[in-house]
Amino acid sequence: MQAWQVHENGEPSEVMRLADVAQPVPGDGQVLLKVRAANINFPDVLMCRGHYQVRPPLPFTPGVEICGETEDGRRVIANPVLPYGGFAEYAVADAAALLSAPDSLDDAEAAALHIGYQTGWFGLHRRAHLEAGETLLVHAAAGGVGSAAVQLGKAAGATVIGVVGGAEKAAVARELGCDVVVDRRSEDVVSAVKEATGGRGADVIYDPVGGEAYTQSTKVVAFEGRIVVVGFASGTIPSPGLNHALVKNYAILGLHWGLYNTKNPKLVQHCHEQLTELAARGAIKPLVSERVPLAGAADAVQRLGDGVTTGRIAVVPTGAQA
């Protein structure tokens, strides 16, 4: 079969190589899946660079999220077990962790429903307890993680402010349903958010960026607000001033979604049921901005790492339908 492999760490476009390799053999409790679509996530970029908390042995195949097909023809959503990731014609996954792909979504959309939306649901509902009528601020609102949080926030009845970088991403954020869009490249984020909220600030702030975005969050978080720390796409990990959190009376909440798979897997299944229902009634729909063939995976992963993409890019192997 064909699969992308990383033999050394570095930039994705330089270290990902497409090769003919042996089809992986499932271990105990695992299944072989034909990859129908693989979604590109920021962890794929970080793993190529050797910067992710999980470091699979070299060589490995990136791709942490797929819509696959079982031997008996079922469409499922899965997180492949590395080193046999999803940027290949076949991948391996734990049988107990398979989730049914919603009938309301095609393969590429189903592949994109998992990590970003699970992270958003846990972050907004399980950690921050977002309520209808509250204001949600989402950094990188036009990206894969941010776009999911925007849709979930709107579905929960929140007023959503999206922060983006550039006019093209601003247009995408508006299409996603953001009530207010702030372009950080042409506007002062703090002033714009304060103006949009009448000086009150945002009740919940969803931050997959870190760095300057986190600093801005601390300046616009409302009384009893909650900042959900999801990731550090900026490459800069903030050092929060806890005295500031005390004085302004806000909470800083960390979210590592992957832990739920081992600590409380029943909640992952419950979340998937909620997401499937939301997708069935059209309240959420993954924004798949591109569908690229397997040969285009390395370039697409690099573009995500460079911050020039919107929504999700799906890799569709030859012969798969997406």
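These numbers come from the heavy atoms of this one structure, side chains and all, not from hydrogens, waters or symmetry mates.
A heavy-atom distance below 4.5 Å is not found between the side chains of Val160 and Gln151. No side-chain heavy atom of Ser13 sits less than 4.5 Å from a side-chain heavy atom of Asp299. Glu195 is not listed as a side-chain neighbour of Glu187, based on a closest heavy-atom distance of 4.5 Å or more. In this structure the side chain of Gln30 reaches within 4.5 angstrom of the side chain of Asp94, judged on heavy atoms. In this structure the side chain of Met47 reaches within 4.5 angstrom of the side chain of Pro56, judged on heavy atoms. Contact annotation: the side chain of Gln53 never approaches that of Pro43 to less than 4.5 Å [non-hydrogen atoms, C-beta and beyond]. In this structure, Thr197 and Ile161 have side chains that are in contact, with non-hydrogen atoms separated by less than 4.5 Å. Side chains of Asp107 and Val316 form no contact here, defined as non-hydrogen atoms less than 4.5 Å apart.
By the 6.0 Å contact criterion, CG on Asp103 is open, its count of non-hydrogen atoms from other residues, nucleotides or ligands being 12 or less. A 6.0 Å sphere centred on OH of Tyr84 holds no more than 12 heavy atoms belonging to other residues, nucleotides or ligands. Sparse packing is recorded around CD of Glu71, with 12 or fewer heavy atoms of other residues, nucleotides or ligands lying under 6.0 Å away. Within a 6.0 Å radius of NZ in Lys248, other residues, nucleotides and ligands contribute more than 12 heavy atoms. Applying the 6.0 Å contact sphere to CD of Gln23 captures more than 12 heavy atoms from other residues, nucleotides or ligands. By the neighbour-count criterion of 12 heavy atoms within 6.0 Å, atom CG of Asp28 is sparsely surrounded, having that number or fewer from other residues, nucleotides or ligands. Within 6.0 Å of CD on Gln269 lie more than 12 heavy atoms contributed by other residues, nucleotides or ligands.
Residues Trp257 and Leu99 fall within the same hydrophobic cluster, defined by Ile, Leu, Val, Met, Phe, Trp and Tyr side chains chained together at heavy-atom separations under 4.5 Å. Both Trp121 and Val268 belong to a common hydrophobic cluster when Ile, Leu, Val, Met, Phe, Trp and Tyr are linked at side-chain heavy-atom distances under 4.5 angstrom.
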*Show your reasoning for whether side-chain contact (heavy atoms from CB on, under 4.5 Å) applies to Leu113 and Ile284.*
CA-CA 9 Å; Leu113 183 71; Ile284 61 174; 4.0 Å; yes

_Criterion side-chain contact (heavy atoms from CB on, under 4.5 Å) on Leu33 and Thr70, from CA distance to verdict_ = CA-CA 5 Å; Leu33 297 174; Thr70 62; 3.7 Å; yes

*Report the C-alpha distance between Gln5 and Leu58 in whole Å, list the side-chain angles of each, state the deciding distance to 0.1 Å, and finish with yes or no for side-chain contact (heavy atoms from CB on, under 4.5 Å).*
CA-CA 8 Å; Gln5 290 196 318; Leu58 298 169; over 6 Å; no

_Checking Thr135 against Val193 for the side-chain contact (heavy atoms from CB on, under 4.5 Å) test, could you report, in this order, the C-alpha distance in whole Å, the side-chain angles of both residues, the deciding distance, and whether it holds?_
CA-CA 10 Å; Thr135 297; Val193 173; over 6 Å; no

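Of the possible donor and acceptor atoms, none in the side chain of Ser289 sits under 3.5 Å from a partner among the backbone N and O of Gly311. Panel note: side chain Asn79, backbone Val64; a donor-acceptor pair is recorded below 3.5 Å.
A search for side chain to side chain contact (heavy atoms under 4.5 Å, CB included) contacts involving Val25 returns nothing, not counting sequence neighbours. The side chain to side chain contact (heavy atoms under 4.5 Å, CB included) check on Arg17 picks up His7, Glu8, with sequence neighbours excluded.
Looking at every heavy atom in both residues, Ala173 comes nearest to Val181 through CB-CG2, 3.9 Å. Of all heavy-atom pairs spanning Gly162 and Ala141, the tightest one is CA-CB, 3.6 Å. Leu98 and Ala93 get closest at one heavy-atom pair: CD2-CB, 4.1 Å. Shown here for Thr276 and Pro102, the closest heavy-atom pair between the two residues is OG1-CG, 3.9 Å. The shortest heavy-atom contact between Trp4 and Met16 is CZ3-O, 3.3 Å. Scanning both residues, Phe122 and Cys271, for their nearest heavy atoms gives CE1-CB, 3.8 Å.
How far CG of Asn9 is from CZ of Phe60: 6.5 Å, rounded to the nearest 0.5 Å. Residue His272 holds its NE2 atom at 8.0 Å from CD of Gln118, rounded to the nearest 0.5 Å. One distance of note links CG of Leu176 with OG of Ser147; it measures 5.5 Å at 0.5 Å rounding. Between the CG atom in Leu255 and the OH atom in Tyr260 there is a gap of 6.0 Å [rounded to 0.5 Å]. To the nearest 0.5 Å, atom OH of residue Tyr206 and atom OG1 of residue Thr119 are 5.0 Å apart. Residue Ile205 holds its CD1 atom at 5.0 Å from CD1 of Ile227, rounded to the nearest 0.5 Å.
Partner of Leu136 under the side-chain contact (heavy atoms from CB on, under 4.5 Å) criterion, out of Thr159, Asp203, Leu124: Leu124 alone. Residue Pro12 forms a side-chain contact (heavy atoms from CB on, under 4.5 Å) with just one option from Leu304, Asp44, Val301, and that option is Val301. The residue from Arg36, Arg75, Arg291 that alone fulfils the salt bridge (Lys or Arg N to Asp or Glu O under 4.0 Å) condition with Asp106 is Arg291.
Aromatic pair Tyr214/His139: ring centres not closer than 6.0 Å.
No salt bridge links Asp183 with Lys169; every basic N to acidic carboxylate O contact stays at or beyond 4.0 Å. A salt bridge does not link Arg74 with Glu69: none of the charged nitrogens is closer than 4.0 Å to a carboxylate oxygen.
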